[in-house]
Amino acid sequence: MNNKIFFVFSFLLLLTGCSNLKTYPNDLTKNVFVKAKIESGVKARVDIFEVNKKCEGEYVGTVKLDETNKNIGLKKSKLSYLDFRFISSGFFSSSTSSSGLSTLIKPRKGYHYDVSVSYEDNIYDVEIREKRRKRKKGRELKIIPLYECRQFR
Amino acid sequence: MRNSPLVLSVITLLIFLSGCALGPHPQNTAEFRKALPDSMFGKKETFFVKRNIKQVANSFKKMAPKCLRKRVTSTSSGYMHYQVVVTDYNPSVVLRKNHVELALQQDHIQGVMNVTKKPRGGYYMLVTDAFRAGKNKTKIDMYYASVGSDSIVKAIKGWANGKKGCPDMTKL
């Protein structure tokens, strides 16, 4: 019996150990507003990294996007890396797959960012619009991969 | 010799497989277009969109690198086996006068043995041509395998029509 309990406990530990995700602290002034529309069976999240001068990313935390309208605070004038992930599980198997896209972003003072995230019928989209306060229109930001960090800084 | 029917069956199967599957792979988009109609799962589709060739070109130029330049790692496991396949997808968009070509190649980095000559950038899996068909009309020809291309084809059709959205490359 003890062996069985130990086995279950070890298995649970293994499961928790496998997932290194932590919740993004999100204690800064909110400047990124995310609207998500995700079909059932798919889980969406954004992993947030701070990028240093050497263009190395340091994982800060994750925001789950399964519910709509998430407000996120990113450091102004600092480079961040947003990794949007869509995770789905196989219907008949235990396999999971993860897809998505990632971009560098440097939030500017006086601006906010509207992000629309969607996943439907194996098609996903992430669009980031930079807007000046009190202005409706903005410009769509280009997706900038991490390897373009040095040119982007 | 007791197993001779079995041995014969295996040899026949190998001959059949080598004859069927080990033909040379297309080394460029022109060869791909030419070879596809003769292949078992090849498909050519033609349709028109109400956008001019420049708009279609801009959509392809914007969306192809954003959505299709991906590395996909897939793992499968079962009794006594564990396999990891790593595939790079390499899109290219070539602009010509009144013609835009979007091609997608898949390059198996790990877990797949390439038994035929692999073109630079990987085996071709899809070619899409857009031709000017009028002031605000563009003809689209798509060449692809009818199996495993659904989400990519759907996304590219969307781009041709001005929509956005990336195919989930793990669902091919």
Side-chain angles (χ1 to χ4, degrees), chain A residues 14 18 35-46 65 81-105 114-129 138-149 151-152, chain B residues 55 58-79 81-91 93 104 106 111 125-126 142 144-172:
Chain A
L14 183 72
C18 279
K35 282 186 180 176
K37 191 181 173 190
I38 311 296
E39 72 179 15
S40 64
V42 177
K43 289 180 179 174
R45 67 169 202 250
V46 55
L65 302 175
Y81 184 67
L82 306 180
D83 186 15
F84 293 88
R85 293 276 110 206
F86 303 97
I87 298 105
S88 52
S89 302
F91 193 70
F92 292 111
S93 68
S94 59
S95 67
T96 57
S97 61
S98 165
S99 60
L101 57 84
S102 323
T103 186
L104 290 164
I105 184 169
D114 286 348
V115 182
S116 65
V117 180
S118 65
Y119 189 107
E120 192 180 6
D121 202 13
N122 296 336
I123 301 284
Y124 64 86
D125 194 25
V126 176
E127 186 181 295
I128 305 174
R129 295 195 81 83
R139 69 178 181 113
E140 186 183 342
L141 293 188
K142 198 182 159 199
I143 297 294
I144 302 179
L146 190 59
Y147 61 79
E148 288 182 16
C149 173
Q151 299 100 291
F152 183 68
Chain B
Q55 289 172 313
N58 286 339
S59 293
F60 285 0
K61 270 198 301 183
K62 181 184 171 188
M63 301 306 290
K66 175 184 171 183
C67 297
L68 301 179
R69 190 169 297 287
K70 300 283 177 187
R71 171 167 289 185
V72 174
T73 302
S74 59
T75 57
S76 63
S77 59
Y79 179 68
H81 85 271
Y82 184 79
Q83 189 186 20
V84 180
V85 175
V86 182
T87 307
D88 277 353
Y89 291 92
N90 299 312
V93 177
L104 181 62
Q106 60 176 350
M125 61 181 294
L126 177 143
M142 294 186 81
Y144 58 91
S146 57
V147 178
S149 305
D150 290 356
S151 53
I152 299 176
V153 170
K154 188 176 162 188
I156 293 174
K157 284 180 180 176
W159 304 344
N161 280 294
K163 291 180 186 170
K164 293 173 183 173
C166 301
D168 186 337
M169 302 297 277
T170 64
K171 300 288 173 61
L172 304 181

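Chain letters run A, B, ... following the sequence lines, proteins first and then strands; every chain starts at 1. Everything quoted here is computed from the prediction, not taken from an experiment. We use all heavy atoms of the structure for the numbers below, so side chains are in, but hydrogens, waters and symmetry mates are not.
- Open room surrounds NZ on A:K43; 12 or fewer heavy atoms of other groups in view lie less than 6.0 Å from it.
- Of the charged side-chain nitrogens involved, none lies within less than 4.0 Å of a carboxylate oxygen, so that B:K171 and A:D121 do not count as a salt-bridged pair.
- Residue contact with chain B, scored on non-hydrogen atoms closer than 4.5 Å, involves the backbone and the side chain of A:L101 alike.
- The contact between A:S98 and chain B is made entirely by backbone atoms, counting heavy-atom distances below 4.5 Å.
- In plain terms, the two heavy atoms of B:K66 and A:I143 that are nearest each other are CE-CG1, 3.8 Å.
- No side-chain donor from either of B:K70 and A:S99 sits under 3.5 Å from a side-chain acceptor of the other.
- Of all the listed residues (B:G158, B:P167, B:C67, B:P65), the one sharing the greatest number of non-hydrogen pairs under 4.5 Å with chain A is B:P167.
- Residues A:F86 and B:T170 fail the side-chain proximity criterion, which asks for heavy atoms closer than 4.5 Å.
- In this structure, A:I123 and B:A155 approach most closely via the heavy-atom pair CD1-CB, 3.8 Å.
- Here the closest heavy-atom approach between residue A:Y119 and residue B:D168 is recorded as OH-OD2, 2.6 Å.
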